[in-house]
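First the proteins, then the strands, lettered A, B, ... as listed; each starts at 1. As the structure is a computational prediction, the values presented were derived from the model and not from experiment.
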Amino acid sequence: MPSLLVIMIFLPALAAIAMLLLDPSATATRARWVALLATIVTFFASWAVAAQYMSLPRVAIANHGPIHPQMVLRHTWLDLSQAGPAAPGVKFEFYLGLDGISVALVLLTTILSISSVLVSWTAIKDRAAEFYACLLILETGLIGVFCAFDLLLFYVFFEFTLIPLFFLVGIWGGPLRRYAAGKFFVYTLAGSLVTLLGLISLVVHVAQANPTLTTPFSIPDLAKALQDMRLVHEQSLSMTTQTTLFLMIAAGFMIKVPLIPFHTWLPLAHVEAPTAGSVLLAGVLLKLGTYGFLRLLLPMLPEACSTIGLPLIGWMASIGIIYGSFCALSQNDIKKLVAYSSVAHLGFCMLGLFALNIEGITGGVLQMINHGLSTGALFCIVGMFYERYHTRKLDELGGLATKLPLLAVAMVFTSFASIGLPGLNGFVGEFLCLAGMFRAGDGLGVVFAALGAMGVVLGAWYLLGVLQYAFFGPFKAPADDHGHSHEPITDLNTREVVALAPLLGLCLFIGLFPQPLIDLIRPDVERVATIYGDLRSTRDEPKFAASEMTRPSEALDTEARP
Amino acid sequence: MKETIQILNGTFSHLAPEAVLLASVCVIFFAAPFLVSEKGDAPAGLRHRWGWFSLLALLIAGLMWWQSPLEIKSIGPFVFDELTWYIRGLSISFGAILVLLHWNQADDARSGETHACLLAILAGVNLIAAANDLVGLFVALELVSIPTYLFLLLPRRDAPAQEATLKYFLLSIFSSAIVLFGMSYLYGATGTTNLAGIHAAFGAAHGLQNPLVTVATVLLIAGLGFRLTAVPFHFYAPDVFQGAPTSAAAMLSFVPKIVGLVALLRLLVPSAGAESAMASWSTTSAATFLLWWLAVITMFVGNLLALMQTDIRRLLAYSSVSHAGYMMVGLIVGLEHEIQKTGLTQAAPKSVSGIGAMLFYLAVYGAMTLGAFAILIAASKGNRRIQTLDDLTGLSKTKPGLALVLSIFLFSLAGLPPTAGFLGKLNLFFAAWAQGYPSSRLLAVVLAINAALGSWYYLKAIGVMFLRDPIDRSEQPSAVETPTLVAAGICLAGTLGLFFLPGWVWLPIQNIMP
């Protein structure tokens with residue numbers, strides 16, 4: 001009996017394969033019901049896994065390395081030893097597990113998957129069985145990334161997500177779909193190959209320094225080994241090595257996030273993708289980049305992260321926030337506007353992560369979840385009125401609130417969440433990110449935080465602009481000039497409400513009660529942040545850092561509640 | 001005299017798989033003409049009977065191979081070690097796939113001879129893997145190339161096939177001559193044709209600096225580079241792939257790669273017990289330098305030219321060129337490692353050996369490239385074969401199963417998970433990086449750049465199948481032949497199975513390079 005974790009990961013893919021093999025000519029109706037059923041069952045499985053995880057006893061931080069997954073499953077995949085099976089050597093493993101951060105992101109994935117099946121309900125008529133199969137396979141890939149604790153397994157899932165998304169964008173996308181799919185695929189693949197080289201190089205360095213370590217590809221073991229090396233030698237690796245490794249490993253993640261100037265694939269892919277593709281792309285796929293930073297770079301290369309990473313990523317992220325917001329301001333296509341707003345929002349997330357303290361990293365993780373929920377919902381809404389009016393142009397729409405009150409309510413609510421209105425989730429995440437950054441980086445952090453705060457204002461500007469033009473003011477709808485005969489335009493139906501409700505509900509819930517989520521991720525965030533606390537305390541300002549770091553949870557409690 | 005007979009007996013028991021194959025070749029060549037009338041009429045279905053006969057021969061050879069003793073033994077011109085065992089296994093199992101692909105490619109009247117040629121080629125590959133003597137090696141090389149000419153020409157004798165054969169014939173003869181020339185210089189420098197003897201001579205004369213040896217190295221690499229389709233010896237590949245029958249193109253995409261790589265291994269890497277030769281054989285440093293540049297140019301040229309192709313066969317030809325480059329990376333890294341290991345210190349024993357990675361990639365490459373050709377055969381419309389990328393347009397709508405399987409093979413060639421192609425490239429990366437020499441790390445970087453370049457044209461082919469509508473919807477899809485499907489199925493199982501359970505191939509490889 002495979003464990004619930006394995007079932008959760010592979011259930012969607014199995015459903016997809018079964019659908020393709022057993023019933024290749026499935027009608028659209030049958031295909032979408034199967035897909036809906038599969039995503040819902042997966043959601044319950046993930047909920048059960050999360051409950052199992054929560055019921056586990058908490059482990060003290062000090063006993064383990066900076067990464068400590070639980071509910072672990074390990075099987076040898078390939079033993080590379082030269083001496084044969086007698087003397088075990090370096091091996092790749094199927095190493096699955098969960099920690100608080102992955103639990104949160106897995107739940108996000110399973111929830112967004114249900115919504116993306118629901119928003120495709122009527123939009124996808126052509127080759128529906130294949131569409132839902134791609135969607136389900138993509139879900140498996142995404143869950144897999146968050147549960148993989150072997151470097152190669154992580155990379156395998158990370159790369160694997162490209163394949164279904166390529167088909168989703170390329171087959172069911174907009175007019176430029178082929179170009180968009182190809183560009184997205186090759187751009188991200190090129191980046192992640194550099195990442196792969198960097199990861200291999202890191203492993204080789206560690207394996208050479210620790211001849212007894214047989215599992216240098218296991219992420220927790222690798223991080224532990226680096227931590228031990230740091231205890232012995234003051235630095236784990238020389239600064240030049242760390243810098244090179246940091247830049248190589250970060251390359252693929254920077255493209256995935258995306259950080260300025262590697263963002264050019266994103267607006268194109270987003271605009272061309274079908275709604276469900278955009279939802280998962282923005283909601284989860286971009287998080288693979290930030291998750292990669294958090295999972296691999298922050299715990300493993302701390303010196304490089306604090307000396308190179310903080311200024312470099314800080315500048316990229318804060319410029320990204322400003323630039324993304326201005327680009328969003330100047331868009332006429334609402335989908336493109338939301339896409340650029342993603343660039344800005346992920347800038348906040350990166351600022352938080354690279355604040356390298358507990359508030360920042362907590363904020364970064366929260367921001368990952370929040371952005372997934374609110375931008376996912378925004379893309380759903382854009383898809384919904386595109387289905388009705390066949391246009392996404394701001395200047396062709398106006399006063400939709402009078403015709404479609406429910407849709408307008410949802411849009412207003414989501415926009416507020418995305419802007420970061422207190423009481424909704426965006427506020428908690430952005431506040432913690434900026435607060436963390438404010439304390440970081442010897443003065444430079446203040447600059448980044450200030451630039452980020454400007455971004456919040458700009459964010460309010462462009463999103464309220466959309467509300468003002470498209471949803472309020474005099475009613476305006478495009479004439480039937482797009483070649484489609486309109487069905488009578490109606491407000492949200494039950495299916496659409498069901499698709500949006502969980503996302504909006506969670507936005508509100510996290511906004512009001514962020515503490516459960518923070519409690520879930522805190523132990524693992526603390527593990528990472530402790531490294532930087534130690535780093536700082538060994539350097540110049542021991543007292544300040546120590547006092548700040550020993551009681552991080554109390555500091556959080558007061559700050560996190562709006 | 002008695003001893004000689006005993007030795008001959010012993011050799012025969014070791015050579016049993018090849019003996020079976022060559023005996024079958026003789027039977028076919030002898031019997032085939034009697035089954036065809038003077039006008040060239042043959043009983044219908046004769047080709048299938050010959051196909052079954054070939055499969056039977058391969059099955060018996062396979063059983064012999066499986067039973068063959070595993071101890072390392074060198075008898076006269078032959079050596080039987082783990083490498084021989086592994087390459088025999090590859091050639092026999094992929095040989096069976098090639099027979100299946102060839103099932104309906106030749107007409108009844110000429111099918112016997114083509115099947116015989118295929119078996120002879122496979123026997124030649126096995127003998128190359130077992131060669132321990134320059135003469136034996138050369139004869140085995142010719143045992144591969146001469147039947148290849150017939151195999152290219154016989155199934156289809158139209159103008160493109162003739163042109164392809166002629167091109168291959170002339171260049172192949174030329175390369176054989178170059179190899180022979182190089183071998184004669186090697187003999188001149190060392191005074192023996194026995195490879196163990198040659199390595200021993202290099203081991204004894206520490207740092208032998210003989211210009212003859214350098215010339216020999218360059219010539220041997222050039223001649224064998226032709227088999228590998230290493231740039232600049234690749235010119236024949238696209239034309240031949242384009243003109244030749246599909247099964248012959250499939251054969252050419254894989255078999256010569258084994259031939260070239262194994263021959264280079266036999267020439268450059270001393271077998272167990274003579275490792276001291278490695279450090280003192282000055283040719284190997286020249287060889288690695290030359291091979292390094294060959295590999296880099298091969299990868300770049302193969303991938304860049306593949307980007308421009310609209311003909312799927314030419315595309316696969318250039319892709320096979322670039323894959324030759326990838327495998328050469330493993331070879332070079334392995335050679336460097338062998339030199340350093342004996343010359344300086346024992347390098348970190350925990351990393352992958354480059355040669356091991358190369359041998360793993362060879363198996364994986366066989367499965368994915370033969371699989372891709374199998375789908376091309378399966379997707380052909382009646383008599384019209386798949387020629388250009390446009391012929392594949394909208395395949396996902398007319399034959400969704402084939403399109404899906406072909407895209408798995410193409411993703412594997414591009415090196416994406418979850419396919420064995422990913423694991424193969426990963427091992428090469430890891431081997432190149434873990435050795436820690438600047439030159440091999442540079443190779444790893446070049447390999448990464450090329451993997452990214454390569455993904456674009458494989459993606460283009462996948463895009464054509466999935467993202468476009470069929471050009472001509474009226475065409476009725478013709479039935480797909482079962483043998484082709486079986487072959488594709490085996491390749492698919494290999495491509496996916498070796499990703500999840502790589503140990504099956506990895507364990508024998510581990511024994512090859514101690």
Participant: Who are the side chain to side chain contact (heavy atoms under 4.5 Å, CB included) partners of I171(A), not counting sequence neighbours?
Facilitator: R127(A), F167(A), F466(B), L467(B)
Participant: Any donor-acceptor pair under 3.5 Å linking the side chain of W77(A) with the backbone of F499(B)?
Facilitator: yes
Participant: Can you measure from CZ (F429(B)) to OG (S201(A)) and round to the nearest 0.5 angstrom?
Facilitator: 12.5 Å
Participant: Could you tell me which portion of F92(A) (side chain, backbone, both or neither) has an atom closer than 4.5 angstrom to a non-hydrogen atom of chain B?
Facilitator: side chain
Participant: Between F422(B) and F160(A), is a ring-ring contact (aromatic ring centres under 6.0 Å, His included) present by the stated rule, with each step listed?
Facilitator: CA-CA 11 Å; F422(B) 166 75; F160(A) 176 67; over 10 Å; no
Participant: Can you say whether F217(A) sits under 4.5 Å from chain B via the side chain, the backbone, both, or neither, judging by heavy atoms?
Facilitator: side chain
Participant: Quick one: pull up NZ in K460(B) and CZ in R178(A) and give me the separation to the nearest 0.5 Å.
Facilitator: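 Atom-to-atom, K460(B):NZ and R178(A):CZ are 13.5 Å apart.
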Participant: Please list every donor-acceptor pair under 3.5 Å in which a side-chain atom of residues 405-417 of chain B meets a protein atom from a residue at least two apart or in another chain.
Facilitator:
residue, atom, partner, partner atom, Å
S407(B), OG, A403(B), O, 3.2
S407(B), OG, L404(B), O, 2.6
S412(B), OG, G421(B), N, 3.1

Participant: What part of F94(A) lies closer than 4.5 angstrom to a heavy atom of chain B: side chain, backbone, both or neither?
Facilitator: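 It is the side chain, since no backbone atom gets that close.
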Participant: Working to the nearest 0.5 angstrom, can you tell me the gap between I200(A) CD1 and W433(B) CH2?
Facilitator: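 Going from CD1 on I200(A) over to CH2 on W433(B), the span is 9.0 Å.
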Participant: Tabulate, in ascending numerical order, the residues of residues 188-196 of chain A having at least one heavy atom closer than 4.5 Å to a heavy atom of chain B, or enter 'none'.
Facilitator: L189(A), A190(A), L193(A), L196(A)
Participant: Only pairs of heavy atoms separated by less than 4.5 Å count here; which of A448(B), P502(B), P400(B), A452(B) has the most with chain A?
Facilitator: P502(B)
Participant: For the CG atom of L78(A) and the CG atom of L501(B), what is their distance to the nearest 0.5 Å?
Facilitator: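 Between atom CG of L78(A) and atom CG of L501(B) there are 10.5 Å.
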Participant: Is any residue of residues 131-142 of chain A within less than 4.5 Å of chain B by heavy atoms, and which ones?
Facilitator: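 Not one residue of residues 131-142 of chain A has a heavy atom under 4.5 Å from chain B.
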Participant: Counting only non-hydrogen atoms closer than 4.5 Å, does L423(B) touch chain A with its backbone (N, CA, C, O), its side chain (CB onward), both, or neither?
Facilitator: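 Contact with chain A: side chain only.
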